[in-house]
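To start, the structure itself, in structure tokens.
Atoms within each ligand, like the ligands themselves, are counted from 1 in listed order.
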Amino acid sequence: MKKLRNKDLISINYLTPEEVNLILNEAEMLKKGPRNTEYLKGKTLAMIFEKSSTRTRVSFQVGMYQLGGYAMFFSSQDLQIGRGETIHDTAKVLSRYVDGIMARTFKYQTILDLAKYATVPVINGLTDFDHPCQALSDLFTIYEKLGNLKGLTLSYIGDGNNVLHSLIQACVRVGMNINYASPVGYKPSDLVVKESLEVAKSTGSKVTEYNDAVSAIKDADVIYTDVWVSMGQEEEKEKRKKDLLAFQLNSDLMKKAKSNVLVMHCLPAHRGEEITDDVIDGPNSIVFDQAENRMHTQKAILKLLMS
Ligand code: CP
Ligand code: NVA
């Protein structure tokens, strides 16, 4: 079986276009194949969460079970990390017990440190900076719905956050164009854009910034949005809601898009803020298929890293 070059899934930035395709093909194979297999029989995954989660936690846990393995959940408060034990020591100790570590952390640096000191694969389950499993899974969903990726345009509107960072890094690796529209102060990281433009040179992707939602979504095959207030930003809630108001995905905006455009959201959604009920529950929305595919894609990642 082909493997990923690195032992970890830290960032899409560390994946080649070929490796992204490998993950997508594996996800398709696993989704079409029998639900329960023994690819990870006898293997154990430790899952560490510094933040809340529904999809990531449940899909990794069920995914491990379906692959014949076992997953354990720990909030950071359950572990001695919560009382000051270092990431260095935690990574070394866990590596003596388990075959893989998946972590959702505030700082991206924590994932890097875990990967540096762990001798088993480490998977990034979201940080303040990025959300690689989400974006890989989203590519799989788009591929499943539209039959290809190259040349398609994904338009992201709203906060230039962790989800957008991984989407930009993912789209440029498969030849998709990405448009994004965010207000001043909410743009994605310049570094992510710069590095992704380099990758885009070889895949033909375009990365385009817009200042308004209507221009960004005009030619979109997929419109994507995410919450205005990410985990850890609760204190900025009122300001963010005001600043991002013009970037709401609602039926007025949908009228300016292609009639068959797909609507995506990584969930959880704050209905009535970044997206309205009629759009998220409307005929263009594929958000629940998108959520389901987290599990198939992560099973592919687990299999490629741990079997
Ligand atoms: N999309 C996503 O990662 O959802 P959770 O926060 O519920 O895991
Ligand atoms: N941007 C969101 C994504 C949640 C899956 C957050 O970080 O809270």
Side-chain angles (χ1 to χ4, degrees), residues 9-12 27 45 47-64 71 73-76 101-111 123-142 154 156-170 180-183 185-189 192 222-237 239-241 243-244 247-249 263-271 273-275 280 285-299 301-302:
L9 198 295
I10 295 177
S11 156
I12 293 182
L45 179 75
M47 309 193 295
I48 305 172
F49 283 85
E50 291 181 355
K51 305 179 179 189
S52 307
S53 170
T54 298
R55 279 143 289 268
T56 306
R57 176 178 176 175
V58 179
S59 58
F60 265 105
Q61 183 145 3
V62 174
M64 271 306 283
F73 167 84
F74 305 101
S75 83
S76 44
I101 300 170
M102 191 277 291
R104 166 167 289 191
T105 62
F106 285 95
K107 295 191 190 122
Y108 176 65
Q109 185 63 43
T110 307
I111 298 288
I123 300 170
N124 176 348
L126 178 146
T127 69
D128 287 349
F129 176 67
D130 63 354
H131 198 359
C133 293
Q134 181 70 53
L136 289 165
S137 159
D138 294 338
L139 290 185
F140 175 54
T141 304
I142 297 166
L154 183 149
Y156 179 100
I157 58 169
D159 186 23
N161 62 14
N162 46 3
V163 169
L164 177 58
H165 288 161
S166 289
L167 283 172
I168 294 173
Q169 293 171 335
Y180 59 87
S182 312
Y186 297 87
K187 307 275 185 207
S189 141
V192 168
V222 179
I223 304 180
Y224 200 118
T225 191
D226 183 23
V227 289
W228 293 340
V229 184
S230 283
M231 290 180 275
Q233 298 175 331
E234 290 73 13
E235 280 178 10
E236 301 167 24
K237 184 171 174 182
K239 176 169 169 42
R240 288 180 154 267
K241 278 164 66 173
D243 292 348
L244 283 144
F247 295 80
Q248 183 184 64
L249 181 49
V263 168
M264 297 181 77
H265 188 309
C266 61
L267 303 180
H270 288 196
R271 288 165 173 258
E273 292 181 18
E274 76 278 0
I275 192 163
I280 196 167
S285 169
I286 55 166
V287 299
F288 298 110
D289 293 330
Q290 185 185 355
E292 178 190 327
N293 280 337
R294 289 293 301 281
M295 188 175 70
H296 304 295
T297 311
Q298 288 158 193
K299 281 171 75 175
I301 293 167
L302 290 165

Ligand-side contact atoms (ligand 1) for residue partner T54, heavy atom cut-off under 4.0 Å: 5 (P), 7 (O), 8 (O)
E235 atom CD: more than 12 heavy-atom contacts under 6.0 Å: no
Shortest protein heavy-atom distance from atom 8 (O) of ligand 2, along with the residue and atom involved: M231 N, 2.8 Å
Polar contact flag for R57 and ligand 1 (N/O pairs, less than 3.5 Å): no
Interfacing atoms of ligand 2 (cut-off 4.0 Å, heavy-atom, L267): 5 (C)
For V227, atoms of ligand 2 separated by under 4.0 Å from a heavy atom: 1 (N), 2 (C)
Flag for H296-E292: side-chain donor and acceptor within less than 3.5 Å: yes
Side chain to side chain contact (heavy atoms under 4.5 Å, CB included) partner of L267, the single match among Q290, R55, Q134: R55
Residue of the set E273, E234, E236, E274 for which salt bridge (Lys or Arg N to Asp or Glu O under 4.0 Å) holds with K241: E273
Non-hydrogen atom of R294 closer than 4.0 Å to ligand 1: yes
Identity and distance of the protein heavy atom lying nearest atom 3 (C) of ligand 2: D226 OD2, 3.6 Å
Minimal non-hydrogen separation, P132 against L9, with atom names: CB-CD1, 3.9 Å
From CG (L244) to OG1 (T225), nearest 0.5 Å: 8.5 Å
Nearest non-hydrogen protein atom, atom 4 (O) of ligand 1: R55 NE, 2.8 Å
Option of least heavy-atom distance to atom 1 (N) of ligand 1 (set: L267, V287, V227): L267
Partners meeting side chain to side chain contact (heavy atoms under 4.5 Å, CB included) with Y108 (sequence neighbours left out): I10, S11, Y14, L112, N124, T127, F129, D130
Closest protein heavy atom (residue, atom, distance) for atom 6 (O) of ligand 1: R104 NH1, 2.8 Å
Within reach of ligand 2, part of N162 (heavy-atom separation under 4.0 Å): side chain
Protein contact to atom 3 (O) of ligand 1 [nearest heavy atom, distance to 0.1 Å]: H131 NE2, 2.8 Å
Backbone or side-chain N or O of P268 under 3.5 Å from ligand 1 N or O: no
Shortest protein heavy-atom distance from atom 6 (C) of ligand 2, along with the residue and atom involved: S230 OG, 3.2 Å
I223 CD1 to Y156 OH distance, which is reported to the nearest 0.5 Å: 13.0 Å
Check: S59/Q298 side-chain N/O donor and acceptor closer than 3.5 Å: yes
Heavy-atom check, side chain of D138 versus side chain of L154, under 4.5 Å: no
Residue L126 vicinity, atoms of ligand 2 by number, heavy atom under 4.0 Å: 3 (C), 4 (C), 5 (C), 7 (O)
